[in-house]
Amino acid sequence: MHLFRVLRRLSPYLLLVPALAGPACADDGDARLKDEVARCRPLVYDAPRDALALADRLLALPALPLAMKIDAVSCRSAALHQLGRNEDSRRAVAQLQSLLRTPGLPLRQYQQVQRRTAFLLLRDGRVDEGLEILEAVQERSIADGDIGGQILALGHIALVHAEQLDDPEGALHYQRQALALSGHLPRPPRPQDVTLNYNHGYTLLQLERYGEAGRAFDRAENIARRLSGQEVLLHRMRSDRAEILRARGQREAAKVELLAVLRWQERHNPLSRVTTLQHLARIALEEGAPQQARVLAEQAVAIAEAGRFPSGQRDRLELLAEIGLALGDAALVRDYLRRARLAGPPALSAASLARLARMQARAAQMLGPDRVNALQEANRDRLLRNVALAAAAVLLLGVAGLYLHARRLGAGRAPSPRQRNE
């Protein structure tokens, strides 16, 4: 165990193409606009600058339909977050909240956007607002029998434990519940499955349970490689695996991996550099190069502060305090420890604690064996029904095609009226 815990609270959620060929207008039909909006979100994690440019271009269109505007603003906020432009991201979140308060808006259709908004609010320490959204989303998910929504609610409860309560053990409990529940979903893997397993691995890494963390990363990577748009997360996992190598004494191998990841992140995902630089600083400190470690750690702090990214700030400052101790600079140690104490998360309000307790109680009730089995059966029945309907539709189209083909053949062989008269 190190003098200071370096890996404790970096936000585990990630909670993810070419630019438009030309401007689109609503007169061209909603289908093209929907395709363009749908292209934005997958770009967020692989090419956040392209996602931002696409979102800005969409939002500049005249009379963009409200539903598409909500999705474009949501994509824009996430891209800004990935680029470390958190002040701009916060303004986009405020715009998104305003749009979601539009009178008559069918909120059930925007649950995914609401969950992303809640995550961004929690990331910024606005816990009351974030939990208020999440509780409403959880209630609707339970009412609708939406297991996916309930899984994501559990993931956000875990986030609050990890980020706001400094309780990785508590986070681990809810991540395990989410993983168990996701096993009851009869569907192909989705990006949220990657995130669930990655978050689980990261929490285990925080707790220095390296073998279990590696296995969780294996599961996340196996799913991620079957999907598209997962490059940022794959590189983040590569960085975290390097930290496991360092902890096991394989510093040179860890350094090679971290430098390769850092080069990729500099081009594609500046925000992720913060953690990679911290890992490199730890290696430099262990190799007896505290001055180099200080340069790397201060660079990580500068990137995080420039983007106004609060998550993990205390860890970064405590690492610098440890480096100051190695340098024999008592004043530096005192300064960074003082700043680290001030950088801790604010205490949750009574309202947030009560809301969190309600969400946890609701989640526990929904995770009883009888209830889980019932939800599993309902989801299986829904899947079979959808498959049956799709098969019936294909069969109907096939029969209709054969009928029309037979009619055309019959019409070709029939004699004309003049021939019959002869």
Side-chain angles (χ1 to χ4, degrees), residues 8-16 44 55 70-71 73-102 105 107 110-141 149 152-168 170-171 174 195 199 271 274 304-317 339-360 362-363:
R8 198 166 50 226
R9 285 187 338 276
L10 180 73
S11 178
Y13 291 84
L14 302 172
L15 300 90
L16 315 196
V44 166
I70 288 172
D71 284 337
V73 173
S74 175
C75 180
R76 185 174 190 273
S77 176
L80 288 166
H81 168 59
Q82 288 300 315
L83 292 168
R85 293 172 53 183
N86 282 343
E87 280 300 314
D88 292 333
S89 177
R90 288 182 180 97
R91 284 191 283 271
V93 170
Q95 182 184 5
L96 191 57
Q97 287 180 280
S98 177
L99 291 171
L100 290 171
R101 288 193 289 266
T102 303
L105 190 70
L107 285 175
Y110 296 92
Q111 295 210 124
Q112 185 179 13
V113 175
Q114 288 177 283
R115 287 190 291 264
R116 288 200 295 264
T117 304
F119 159 67
L120 293 169
L121 290 168
L122 291 174
R123 172 209 66 184
D124 293 338
R126 296 162 65 181
V127 182
D128 289 345
E129 296 171 84
L131 284 179
E132 183 179 2
I133 294 173
L134 286 174
E135 185 175 28
V137 170
Q138 185 193 43
E139 289 175 346
R140 286 197 297 271
S141 297
L152 289 169
L154 287 166
H156 282 86
I157 292 172
L159 172 64
V160 173
H161 276 269
E163 292 281 326
Q164 304 299 324
L165 300 178
D166 199 9
D167 176 24
Y174 289 102
T195 304
N199 293 344
L271 191 63
V274 174
E305 289 181 347
R308 298 186 180 275
F309 188 70
S311 180
Q313 179 71 351
R314 188 170 66 186
D315 298 328
R316 292 187 286 273
L317 294 170
R339 290 172 59 185
R341 285 194 296 272
L342 296 174
L348 293 186
S349 68
S352 287
L353 287 171
R355 183 166 280 120
L356 182 62
R358 287 196 299 271
M359 292 180 67
Q360 291 177 167
R362 201 175 290 121

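What you see is a predicted model; the values in this text were computed from it and never measured. Heavy-atom basis, side chains included; hydrogens, waters and symmetry copies ignored.
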Could you grab the distance from atom [atom1] of [X] to atom [atom2] of [Y], nearest 0.5 Å is fine?
{"X": "Leu107", "Y": "Thr102", "atom1": "CG", "atom2": "OG1", "value": "9.0 Å"}
{"X": "Leu356", "Y": "Ser349", "atom1": "CG", "atom2": "OG", "value": "10.5 Å"}
{"X": "Thr117", "Y": "Gln112", "atom1": "OG1", "atom2": "CD", "value": "10.5 Å"}
{"X": "Leu348", "Y": "Asp128", "atom1": "CG", "atom2": "CG", "value": "8.0 Å"}
{"X": "Leu80", "Y": "Arg85", "atom1": "CG", "atom2": "CZ", "value": "5.0 Å"}
{"X": "Ser74", "Y": "Leu120", "atom1": "OG", "atom2": "CG", "value": "7.5 Å"}

Heavy-atom closest pair, residues [X] and [Y]:
{"X": "Leu131", "Y": "Ser352", "answer": "CD1-O, 3.7 Å"}
{"X": "Gly149", "Y": "Ser141", "answer": "CA-OG, 3.4 Å"}
{"X": "Phe119", "Y": "Leu159", "answer": "CD1-CD2, 3.7 Å"}
{"X": "Leu100", "Y": "Tyr110", "answer": "CD2-CB, 4.1 Å"}
{"X": "Ala92", "Y": "Val73", "answer": "O-CG1, 3.5 Å"}

Given Val137, which of His156, Met359, Gln114 fulfils the side chain to side chain contact (heavy atoms under 4.5 Å, CB included) condition?
Gln114
One pair to check against side-chain contact (heavy atoms from CB on, under 4.5 Å): Gln97 and Glu129. What are the steps and the verdict?
CA-CA 10 Å; Gln97 287 180 280; Glu129 296 171 84; 3.3 Å; yes
Stepwise, does the side-chain contact (heavy atoms from CB on, under 4.5 Å) test hold for Val160 with Ile157?
CA-CA 5 Å; Val160 173; Ile157 292 172; 5.8 Å; no
Does a side chain donor of either Arg316 or Gln313 reach within less than 3.5 Å of an acceptor in the other side chain?
yes
Side chains of Gln360 and His161: closer than 4.5 Å at any heavy-atom pair?
yes
